Every structure is written in structure tokens, then in C-alpha cells.
Amino acid sequence: MARRAWNLLLLVPFVAYLDPAWYNHVEPRLFGFPFFYWYQLLWVVLTSLLIATVIALGRRK
Amino acid sequence: MSSVRDDIFVGLVVLVTLMGFVAARWGGANLQRLDEWALGGRRFGTVVSWFLIGGDLYTAYTFIAVPALIYGAGALGFYAVPYAAIAYPFGFLVLSRFWSVARARGYITAADFVRDRFGDRMLEIAVAITGVLASMPYIALQVIGMKAVLMRLGGYFALGNGELALTIAFVLLAAYTYTSGLRAPAMIAFVKDTLIYITVIAAIVIIPAKLGGWGHVFDVSAAALAGRAKPASILLSPQLEIAYATMAFGSCLALFIYPHSITSILAAKSRQVVQRNMALLPIYSLMLGFLALLGYCAIAAGIKTTDTSSVIPTLLTSYFPGWLAGAALAAIVIGALVPAAIMAIGSANLFASNIFGEYRPDRTHGSAHLPRLLALALLLFALAFVVFVPTTYAINFQLLGVIWMIQIVPAFVLGLYTRAFHPKALLLGWLVAMIVATAMAASTAAGGTGVSANITLHLFGTSITAFIALYGLAINFVVTILASLVLWALRIAPGVDATSASDYAS
């Protein structure tokens, strides 16, 4: 059952992207990239790490 | 006439064609057997699966169309990035479960599962038809991606509008798909993805540097988009925010239920391989994100065209040295061959197993004879479609394909978790949604500008612009729930569930 609870982490990326109004702006920029672009690219990496975390937690008894 | 660029291009395409035929010997299997031909014997590990699934999902058309959409429409085109991120947590949950039940009971398609789960032949056929209908224009779009490259190469590659070279490449593709099955794209995917990564990494290092850095590229693009006859922006206009979010979410639901996705997922040897790949495949999404931004580089570089599918080939050949341009263009063409082969295999399986009902009771040891012939026929049909039908038709049908594909979510995806919906209600929900969503899409094309993904509806006193696929899915659910209530109340018995709880567990 605890394993199922960790699966809730998989909802986090959906929340992060849910409302574009949150990230639909230019500032703050990073390396010249407007916020709209670097925020969404960053969440690709974080999504991957969250899934890896769920796998690791699921393996641990 | 010959150049380093053309020699590298031809060399790489010839290499993968040979690999396609040689792949038949990989693992020394009997390719007359269905699961050997269609699913590579279900024995691909993490690395092979990563290349295969990545090579399958991130198609040549994606590489051409996503930057082209950014080039043409600005920020809206970036929806591919959230889409290609959230698809993986969704896939992690749903595909783990589906892989397990498919392994336990020997399924090769989503429709195999639906038939077993609901005991309903009509629902099985509905799911199968949806998959085939959605795949055909998708294969055609791969051909269009290849054509854009051939036209850019010019010379004898462009003879007869590129159709001569296209026909040779596609006939060879059909031939090695017939002989080697899924092993051919699995082997070729190694070359394809290596070339794609080299191309994209080189592009995002070389091109923005020559254009004065990313900050400058965004600034120039913002000004150029604002100054167009039909202005766009590097940010979303507020009324497009809902469209953006619904396109990302709707496309995410559709991605892994396409027949070609199912095929490459079921080729994995274990549930762990599928799960690990869900954590590793976002590397492709990151690459896709940077590739999308090359659309802005094209604007900053002053490339002006109305044929947006030529944007990426033009950009790459303008800024790369000859040998790298040859490798990059080969990457796009090979990037079309891999998914086209898998789409043909996935659709052929649906035809043979679910529409013709070839394999009961014994699917695992069935003969691959019929699906092999069908895959051949489907590839040649897609080629003919591109040669004889205008390009815009294929693009419109592909968009309709996504809108259709998502309508199997209640039967297939929720079916993995529950039998609360009556199979006849699922069938009715599917039918109504297919008709209404198609009509909505057709109504957006009334002005003669092609089908659009979004439609503005006036609901509850406000107007909402959102992805048609999701409107369709909402209708689908409403009809399914209401019809289920009626059918359960009337005590009309559903078909028998052939699966058991333990089939889904490991």
C-alpha cells in the first residue's frame, strides 16, 4: 500500500504544467531563454527524476 | 553533381537498408511465428527498448513539424514539450499494467485486451478500426517528412517531385519490414537515434552561436512574429492558454495508445524494462524541446518560406558543413523509416488479429503470414496516398487521427482498472464521440484553411477554445456513463471477463 502512495508523485508534473498562465511570461530569463521556455524544459528533467524516484522507492521494501 | 553531403546521405541510407534485411538473422528466431515477427520475440532489454521506443515515438515528421509550428505560430508550437513530459508518468502507470496483462495472456494489440476484458467482439473491432484509421495518415506523414528532405537535396533526389527516390526507399522499407518484422526498426533505431542526437546537439551549439546567442534569437523572433501579417508571439495570448494545456494533455493521452506505441512497448522483456524506459525516455523530450526552438533560429536567420516543412532542412543545410548536413538529412529520412515500419506492423496486427479474427484460440503460436502481407500492403498504400493526394489532406487526417485515437481511452485505459462501464455503453460512447468530434473538426475546415486542432465553444456563458479531442472525450464519457446506468438498470448482462486480478500484478 505504501508503494501506491509514492505513485502520487507522478501527479506532480501534471500540476506543474496545468495552467500555462503560471509560466506564460518572459522574465526571469535564464541564459537568454524566456521563463516560459526554461521552466517547461526544466520540468522535463524533473519529470524524469520523479519517475526514477518512484521506481527506486517501489523497489525498497 | 556528387558532393560530400550527398555521399554521406546515400551511404547512411544504404547502410540502414542493409541492416533492415540483416536484422532477420538477429537472435536466430523463426520469423514465421507471429510474436517473433511482430514483437521481436518479446525479449528487448532496457537499452534496445530505449532506442526502439524513442525511435518510434519521435518521428521524422515530429522533427520537421514541431519546429515548423514554432516558426509559423510561435509559443503555441511548444505544447509538444509539456505533452512529451507528462506522457511518461501517465505511461508509467498505464503501460506497466498493460504490459503485465499482455504478457500473461499473450496479447499483441490493445484490441486483444479489450476483447478479453469485456467479451465483446464489436468493441474489439471498434478499438482496432480506430487504431488503423489513426495510423494510416501518420505513416503518410513520414513519407512527407522524407519528401521535404529529398526536395532540399535537389538533383536526382528531387526527380519527379522527389517521388522516384521516395518510391525506391519505401519499397525497400516494405520489403525488409516483410522479412524482418520488428527487428528491422529495432536495429535501425540505433543508427537513427545516434544520428539524431549528433544533429540536434550540433545544431543547438553551432546555430545559435552564429546568430548571436539564444537571447538574441528570442528577441529577434519576438519582433519578427509581432510584425507579421498574422501576428504571433513568443508567449501565448491569454485566450490560447486553455488550448495549449488541452492540446498537451489530449496528445499525452493519445501517445501511448497508438498501435505503434503498443507494439514497441510489448516487445520489452519485462515490466521493469517498461518502467525504466519511462524514466529514461524524457531525454528525447528534452532534445525535442531544443529542436523545437530551432524554429526561432530559422526566423532569426532570416529564412522566409510559406512551405514550413522546408524550414528545418533549409536551416541545417545552411549552417552545417557538408558532411554534417548529409548526416542530418539522413537522420530525418531514417527517422521516417523506423516509425513507418512499426506503424505498419502495429496496424497489420490489428487487422489480422482483431478485424479478421485470425488467432483464436492460440495467438502466441500463430503464423505471421497474414500480418506480414498486410504490413506490406499498408506501406505501399501510404506511399500511394502521398503520391496521389495533396499534402494538406494527410496533415488534416493526422490531426483527425489524434482526435479519433483518444476515443478508445474509456474502453482501453479505464478498462485496465475497472469493468464499471458496460461494453455496449463503451461502444455507444465511442461511436457518438467519433461522429461529433469529426463533425467539430470538419466545421473548423469550413473556411478552406484546413482542419484546426482547437474549436471555440460557448459554454456556461463563456467561450472556451480547447482541443477537439478532449471535447470528444468528454462527450464519450457522458454517453458511456449514462448508457451504462441504463444497461445495468435493465440487467443486460455484459460479456465475460477472461482476465483475472493476478494477470495485472507483475
Side-chain angles (χ1 to χ4, degrees), chain A, chain B residues 70 74-76 78-93 96 208 212-219 221-222 233-238 240-249 252 272 274-290 292-293 296:
Chain A
M1 216 48 218
R3 210 164 114 181
R4 286 287 173 86
W6 289 117
N7 280 347
L8 289 174
L9 283 177
L10 299 173
L11 289 177
V12 175
F14 288 88
V15 177
Y17 287 116
L18 182 71
D19 187 350
W22 299 336
Y23 48 86
N24 192 17
H25 29 87
V26 171
E27 301 297 336
R29 284 184 179 237
L30 183 71
F31 306 122
F33 285 70
F35 184 73
F36 181 76
Y37 297 92
W38 71 256
Y39 173 88
Q40 294 186 74
L41 290 170
L42 177 67
W43 269 101
V44 174
V45 179
L46 296 178
T47 300
S48 169
L49 293 176
L50 280 168
I51 297 172
T53 307
V54 170
I55 294 173
L57 292 169
R59 203 178 293 143
R60 219 178 47 186
K61 294 291 169 188
Chain B
I70 292 263
L76 188 66
F78 210 61
Y79 88 92
V81 170
Y83 151 38
I86 57 180
Y88 293 106
F90 174 76
F92 182 91
L93 294 172
S96 302
W214 281 109
H216 187 67
V217 166
F218 281 108
D219 292 340
S221 299
S233 164
I234 61 164
L235 291 179
L236 297 168
S237 63
L240 278 182
E241 285 173 353
I242 293 177
Y244 187 87
T246 53
M247 279 167 77
F249 184 62
C252 144
Q272 283 68 35
V274 174
Q275 296 189 333
R276 267 183 231 132
N277 264 286
M278 294 301 120
L280 292 171
L281 283 164
I283 299 169
Y284 281 91
S285 306
L286 198 60
M287 183 231 349
L288 174 67
F290 283 103
L293 295 176
Y296 288 142

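What you are looking at is a predicted structure, and each value in this text was computed from that prediction instead of being measured. Lettering follows sequence order; numbering is per chain, from 1.
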Which atoms of [X] come close to chain A, meaning under 4.5 Å heavy atom to heavy atom: side chain ones, backbone ones, both, or neither?
X	result
B/Y88	both
B/Y83	neither
B/A75	both
B/F249	side chain

Q | Nearest heavy atoms of A/R29 and B/D219, plus distance in Å | A | NH2-OD1, 2.7 Å
(Q) Could you report the tightest heavy-atom contact between B/E241 and A/P20, atom names first, then the distance? (A) O-CG, 3.3 Å
Mind checking the [atom1]-[atom2] spacing from [X] to [Y]? Nearest 0.5 Å is all I need.
X	Y	atom1	atom2	answer
B/L236	A/Y23	CG	OH	8.0 Å
B/L280	A/I55	CG	CD1	7.5 Å
B/Y244	A/Y17	OH	OH	8.0 Å
A/T47	B/F92	OG1	CZ	13.0 Å

Q) Given that the side chain runs from C-beta out, which part of A/F31 has a heavy atom under 4.5 Å from chain B: side chain, backbone, both or neither? A) backbone
Q. Given a strict heavy-atom distance threshold of 4.5 Å, which part of A/L18 is in contact with chain B: side chain, backbone, both, or neither?
A. backbone
Can you find a pair of side-chain heavy atoms, one from [X] and one from [Y], that are under 4.5 Å apart?
X	Y	value
B/F218	A/V26	no
A/V44	B/Y284	no
B/P89	A/I51	yes

Q | Selection from B/P238, B/A248, B/A85, B/A222 maximising heavy-atom pairs under 4.5 Å formed with chain A | A | B/A85
Q: Considering only heavy atoms and a distance below 4.5 Å, find which of A/P13, A/S48, A/A16 pairs most often with chain B.
A: A/S48
Q | Contact leader toward chain B among A/L41, A/V45, A/V12, A/D19, where contacts are heavy-atom pairs under 4.5 Å | A | A/L41
Q) Is it true that a side-chain atom of A/Y37 and a backbone atom of B/I234 form a donor plus acceptor pair closer than 3.5 Å? A) yes
Q. For the residue pair A/F33 and B/W214, does the interplanar ring angle fall in the parallel (under 30°), tilted (30 to 60°) or perpendicular (over 60°) class?
A. tilted
